[in-house]
*Asks:* 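The structure's right below; bear with me while I get my questions together.
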Amino acid sequence: MLSPIILSLKIATIATIFSFVLGVWFAYILNKKRVPGKNIWETVLILPMVLPPSVMGYLLLIAFGKRGLIGGFLLETFDLQIVFTWVGAVIASCVVSLPLMYQNAKSAFISLDPIYEKAAQTLGSSEWKIFRTVIFPLAWPGIISGIVLSFARAIGEFGATLMIAGNIPGKTQTIPTAIYFAVESGNTELANRLVMIMTLFSFVLILGLNAWLKKRNYIGRQG
Amino acid sequence: MYFNIKKTLDHFSVDMEYAFDRGVLVIQGESGAGKTTILNCISGLTIPDEGRISIEDRVVFESAKGTDIPARMRNIGYLFQNYALFPNMTVYQNIVYGIKNKPEYKEKEQREDLLNYADEVMETFGIAHLKKKHPDRISGGEKQRVALSRAIVTKPSLLLLDEPFSALDQQTKETIYQQFDFFKKNFQIPTILITHDARESRMFADVRILIKDGRIIEKN
């Protein structure tokens with residue numbers, strides 16, 4: 001029972017790190033800069049949130065399969081196979097959690113009063129320093145919401161993961177896939193335990209986030 | 001300093017030219033007259049459509065030659081109408097923020113001088129005791145003094161003050177007026193102050209221009 005839990009945590013953690021970096025970067029670039037085709041970029045980023053997981057899984061299979069554009073390149077150049085490996089599960093989890101990270105970071109950035117950025121400019125700061133010392137810290141509560149929700153989404157990812165990584169015990173079997181196959185094979189005891197762990201974990205995560213955000217209460221700090 | 005600014009915005013346009021050497025230039029006008037647009041163009045936060053801006057004989061903007069020095073390199077102190085103190089930093093962190101961006105800050109001896117000067121300014125404005133507080137924990141008058149200190153500790157070539165007294169209640173205003181008078185006499189930084197208040201204009205102006213609909217209508 002421990003193996004899918006450890007693997008789920010590992011996959012979700014790595015996927016969340018990538019979602020965080022990409023989500024924050026895209027949110028900043030698309031909402032603070034003039035980017036050509038901004039709406040198209042944004043739609044592509046949010047698409048995984050509305051597409052059925054099977055469609056996402058299939059698209060990832062096409063892209064990362066042995067004959068896929070990216071998969072073929074990785075196999076030929078680095079002898080790296082993505083399909084039916086835990087790396088494939090990381091990619092699936094990252095793609096489906098990215099919209100949550102992006103949306104939260106975007107809301108956090110656009111709700112910031114631009115006056116702080118202007119003040120930092122007149123005080124001699126470079127764009128990177130303004131991002132690091134003013135924008136990012138002020139947007140932090142929104143970004144942390146994105147991180148927590150992305151992690152929760154990544155750890156619960158099932159459909160796309162099953163299609164690209166399969167269900168190989170000890171190798172690619174995560175909690176959601178383990179639950180599905182436990183139910184399929186009539187092992188309700190294992191399914192019950194994993195469902196309980198998953199529910200409890202998600203509950204504590206969301207409860208903790210809400211408590212932290214209330215405590216932080218940045219609204220009172222604007223000024 | 002000299003400015004000749006032409007800027008068309010959605011609802012109105014600004015077309016102004018003026019030069020002054022020292023003291024306080026007050027630009028007085030009703031809201032929507034183009035006061036903040038002028039300050040934003042001078043500071044580099046807004047790019048004029050046409051014109052020329054020079055500070056201490058250094059040209060920071062000239063449309064004809066394509067010169068546009070970014071705001072961060074103009075060495076201008078700017079006090080915003082709502083102060084714009086960074087809420088994630090303490091009063092002290094706010095005040096030394098600009099100092100840390102100066103190239104001299106990298107050298108140990110000069111760094112100490114710069115930080116000592118920041119302490120001096122804080123003492124002068126009576127805000128040294130607020131060092132560790134966050135902006136949301138101090139009063140409006142204190143915020144104003146912190147913002148002014150933050151704008152002047154970098155020893156700017158020009159100071160821009162955007163309606164610095166408008167957010168204060170009458171009683172606090174009177175105290176701050178006295179402090180501003182002290183600042184004016186002791187710091188000797190060329191300053192542009194914009195206000196809609198005729199009394200403030202009379203109190204602090206060495207030179208005064210009245211503006212309406214983006215144009216100068218009176219100089220004295």
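Since the model is a prediction, treat every value here as computed from it, not as a measurement. Chain A is the first sequence line, chain B the second, and so forth, proteins listed ahead of strands; every chain is numbered from 1.
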*Asks:* Please walk me through it: do B/N88 and A/L138 pass side chain to side chain contact (heavy atoms under 4.5 Å, CB included)?
*Replies:* CA-CA 6 Å; B/N88 56 317; A/L138 290 177; 3.7 Å; yes

*Asks:* Can you confirm whether more than 12 heavy atoms, excluding those of B/R58, are under 6.0 Å from its CZ atom?
*Replies:*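 For B/R58, atom CZ is crowded (more than 12 foreign heavy atoms under 6.0 Å).
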
*Asks:* Heavy atoms only: give me the nearest B/L85-A/Y116 pair and the separation to one decimal.
*Replies:*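 Reported closest heavy-atom pair: O-CE2, 3.3 Å.
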
*Asks:* Surrounding CD of B/E62 (heavy atoms of other residues, nucleotides or ligands, distance under 6.0 Å), is the total greater than 12?
*Replies:*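 Atom CD in B/E62 is packed in, count exceeds 12.
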
*Asks:* Within the supplied structure, the quantity of interest is the number of heavy atoms (other residues, nucleotides, ligands) at a distance under 6.0 Å from A/F136 CZ; does it exceed 12?
*Replies:*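 Yes, enclosed.
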
*Asks:* Within a radius of less than 6.0 Å around CD1 of A/I40, do more than 12 heavy atoms belonging to other residues, nucleotides or ligands occur?
*Replies:*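 It does not: A/I40 CD1 has 12 such atoms or fewer within range.
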
*Asks:* Does CG belonging to B/D57 count more than 12 external heavy atoms closer than 6.0 Å?
*Replies:*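 Atom CG in B/D57 is not crowded, with 12 or fewer foreign heavy atoms closer than 6.0 Å.
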
*Asks:* Do B/L160 and A/T122 come close enough that some side-chain heavy atom pair is under 4.5 Å?
*Replies:*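 B/L160 does not reach A/T122 side chain to side chain.
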
*Asks:* Sequence neighbours left out, cut at 3.5 Å: what donor-acceptor pairs do the side chains of residues 17-26 of chain A make with other protein atoms?
*Replies:*
| residue | atom | partner | partner atom | Å |
| --- | --- | --- | --- | --- |
| A/S19 | OG | A/A15 | O | 3.1 |
| A/S19 | OG | A/C94 | O | 3.4 |
| A/S19 | OG | A/S97 | OG | 2.8 |

*Asks:* How about residues 96-114 of chain B versus chain A: which residues have heavy atoms under 4.5 Å apart?
*Replies:*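 Within residues 96-114 of chain B, near chain A: B/Y97, B/G98, B/K100, B/N101.
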
*Asks:* Nearest 0.5 angstrom please: B/M89 CE to A/T133 OG1, how far?
*Replies:*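 Reported to 0.5 Å precision, the distance equals 4.5 Å.
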
*Asks:* Of all heavy-atom pairs between B/R72 and A/S125, which one has the smallest distance, and what is that distance?
*Replies:*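 So the two residues come closest at CD-O, 3.1 Å.
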
*Asks:* Distance check, rounded to the nearest 0.5 Å: B/T46 atom OG1 versus A/K118 atom NZ?
*Replies:*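 Here the interatomic distance stands at 6.0 Å.
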
*Asks:* Would you please name every residue forming a ring-ring contact (aromatic ring centres under 6.0 Å, His included) with B/Y177, sequence neighbours left out?
*Replies:*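 Here the qualifying residues are B/F165, B/F204.
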
*Asks:* Look up atom CZ in B/F80 and atom CG in A/D113, then write down how far apart they are to the nearest 0.5 Å.
*Replies:*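 One finds 10.0 Å between CZ of B/F80 and CG of A/D113.
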
*Asks:* Please check if the number of heavy atoms outside A/Y180 that lie under 6.0 Å from its OH is greater than 12.
*Replies:*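 No - once you tally the heavy atoms of other residues, nucleotides and ligands closer than 6.0 Å, there are 12 at most.
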
*Asks:* Under the side-chain contact (heavy atoms from CB on, under 4.5 Å) test, which residues partner A/I110, sequence neighbours left out?
*Replies:*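 Once residues adjacent in sequence are excluded, the partners of A/I110 under the side-chain contact (heavy atoms from CB on, under 4.5 Å) criterion are A/N31, A/K106.
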
